[in-house]
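Source: prediction; values computed, not measured.
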Amino acid sequence: MTTSGPLAGVRVVDLATLVAGPGIARHLADFGAEVLKVEPPEGDPARRLGWTPEGDPDSFYWKLVARGKRCITLDLVRDDDRDRFLALTDDADVLVENMRPGKLEALGFGPERLRARNPRLVVVRVTGFGQTGPYAQRPGFATMAEAMSGYADLCGLPGGQPLLPPVALTDEVSALAGAFATMVALWHARESGEGQDVDVSLLDTALQLLGPLPAANAHLGYEQPRLGAGIPYSSPRGTYRCADGRWVAVSASSDTVARRVLGLLGVADDDRFATFADRLVHRESLEELMTGWIAGRSAAEVMGAFEDIDAAVALVYSMSEVLADPHVRERASVTDVDGVVMQNVVARLGRTPGRPGSPGPASDGVAHGH
């Protein structure tokens, strides 16, 4: 398969399943890498994950994570297929896998053996807890990472249950982080001829989402409570219900914006809210003012008032509203790829832009050994 784009000529073997690992390979494919997806004889489980188009056995998730890839079916316990797999990695720049630590080695395809044949090979290893440590052998999905990173403990209403994200958040972020790390390793391999392992841990990725909270706890003993849609270092900030039932999101995370919002609320000269620190001390009072002000106005009135003072506000969209939004449409942030609506490439490059390849190929296009 001939590819174009800044990663044209980069060859990737995608042995991973479901979301995070295949997502890494998908991001590389979007920018021109040639990606060969290796499926087991029963097919990749992502083909059956979630919703499917009418009359099509393959899921929308598959069509997204496998876009721009070719497929091959290999049974890695068969000698002839093992030889085929080794031949693929001999000619590859990157191998992506997400088996438990040691499983690739047990199959006879450990990174040391593969790099003895292909010294420049980058082996990207995606797991719940990483290749080392006491939890390395635990089964690990993004849910475990979101719970054990402290992320879920932050989410939810005050006094309520901790909440997990209702999307594969850590998987998707790990795909982005893994693609970045893979590019760093590829840069090194191109300069030195030396491949290396890339250890992508879902738990480590989830921890990256928490910003300064680990430091605040380690040095100050701070434990962030559940604040609903609030955040502890900025107020007003959250989602608020308008008089007509619509919800809006507001953030006043800079002093200049906060002053304009305080003027809108009629408390511009209130000493309780003069600085960031003051607003945090009196956060409950300020949030009560914001909640009441918005509750007395329609969404159109709220949006208009915030736009008049150049303050940050947004309607809380349903997915159908996202797809209809004129900004999303003009930028083609969500686009039609061969009849399937899906996200566009994740970032825009001025000189060497990526483009989404064809949706993940159909099952009847998967041929054993080809």
Side-chain angles (χ1 to χ4, degrees), residues 1 3 7 9-26 28-29 33-49 58 62 65-66 68-128 130-132 136-140 175 178-179 181-182 185-186 189 193-200 360-370:
M1 181 174 68
T3 59
L7 296 184
V10 173
R11 293 183 173 180
V12 179
V13 176
D14 177 9
L15 189 61
T17 57
L18 291 180
V19 180
I24 293 171
R26 186 262 285 187
L28 301 179
E34 179 184 339
V35 180
L36 184 62
K37 170 71 179 177
V38 177
E39 290 193 78
E42 65 273 17
D44 191 280
R47 290 186 182 274
R48 303 177 291 277
L49 184 65
D58 293 329
W62 167 259
V65 299
K69 304 178 185 180
R70 293 185 299 124
C71 289
I72 183 173
T73 299
L74 295 179
D75 184 347
L76 296 183
V77 301
R78 290 177 37 150
D79 288 341
D80 56 344
D81 280 0
R82 291 168 60 84
D83 290 341
R84 291 188 181 97
F85 179 74
L86 285 171
L88 292 176
T89 58
D90 285 347
D91 199 33
D93 298 286
V94 178
L95 169 66
V96 183
E97 63 96 9
N98 67 338
M99 301 177 186
R100 288 198 206 185
K103 179 66 180 297
L104 194 68
E105 287 83 350
L107 286 170
F109 303 127
E112 290 186 4
R113 181 189 181 192
L114 298 180
R115 276 196 291 271
R117 301 165 60 105
N118 177 2
R120 73 180 189 282
L121 183 67
V122 172
V123 181
V124 184
R125 316 194 73 174
V126 184
T127 58
Q131 297 295 309
T132 59
Q137 291 300 323
R138 286 188 181 183
T182 300
L186 275 173
E194 299 174 343
Q196 61 184 298
D197 292 353
V198 176
D199 181 353
V200 180
S363 298
D364 59 9
V366 178
H368 179 82
H370 295 287

inquiry  = Rounded at 0.5 Å granularity, tell me how far CD in Q196 sits from OG1 in T182.
reply    = 9.5 Å

task = Measure the spacing between OG1 of T89 and CG of L114 and express it to the nearest 0.5 Å.
result = 4.5 Å

note = When every non-hydrogen atom of A175 is compared with those of A20, the smallest separation belongs to CB-O, 3.5 Å

note = Between the CE atom in M99 and the CD atom in E105, the distance rounded to the nearest 0.5 Å is 10.0 Å

task = Evaluate the side-chain proximity of L76 to L15: yes if any heavy-atom separation is below 4.5 Å, no if none is.
result = yes

Nearest atoms (heavy-atom pairs only) where V96 meets G21 = CG1-O, 3.6 Å

key: Residues that A29 engages under side chain to side chain contact (heavy atoms under 4.5 Å, CB included), provided they are two or more places apart   = V35

key: Closest contact, heavy atoms only, C71 versus E39   = SG-OE2, 3.7 Å

Any pair counted as ring pair (Phe, Tyr, Trp, His ring centres under 6.0 Å), so long as it reaches residues 93-123, sequence neighbours left out = F85-F109

task = Check each of L107, V126, V124, L104 against E97 using the side chain to side chain contact (heavy atoms under 4.5 Å, CB included) test, and report the only one that passes.
result = L104

ask   = Can you name the closest pair of heavy atoms from D44 and A16 and give their distance?
value = OD2-O, 3.6 Å

request  = Give, for atom OG1 of T17 and atom CG of L49, the distance between the pair rounded to the nearest 0.5 Å.
outcome  = 10.5 Å

remark   = Taking every heavy atom of G178 against every heavy atom of V200, the minimum-distance pair comes out as CA-CG2, 4.0 Å

key: Counterpart residues, side chain to side chain contact (heavy atoms under 4.5 Å, CB included), relative to N118 (two or more places apart)   = R120, L121

message = Suppose we screen for salt bridge (charged side-chain N to carboxylate O under 4.0 Å, His left out). Which residues come up paired with D83, at least two apart in sequence or across chains?
response = none

request  = State whether the side chain of W62 and the backbone N or O of P45 hold a donor-acceptor pair below 3.5 Å, judged by distance alone.
outcome  = no

ask   = Any ion pair linking R70 and E34 (charged N to carboxylate O, less than 4.0 Å)?
value = yes

inquiry  = Under the rule for salt bridge (charged side-chain N to carboxylate O under 4.0 Å, His left out), what residues qualify as partners of R100, not counting sequence neighbours?
reply    = none

task = Sequence neighbours left out, what passes side chain to side chain contact (heavy atoms under 4.5 Å, CB included) with Q131? Give chain and number order.
result = P101, R125, T127, D199

request  = For residues D58 and A362, report the shortest heavy-atom separation together with the two atoms involved.
outcome  = OD2-CA, 3.3 Å

task = State whether the number of non-hydrogen atoms from other residues, nucleotides or ligands found under 6.0 Å of E42 atom CD is greater than 12.
result = yes

ask   = Out of V12, L28, L36, D14, which residue meets the side chain to side chain contact (heavy atoms under 4.5 Å, CB included) rule with K69?
value = D14

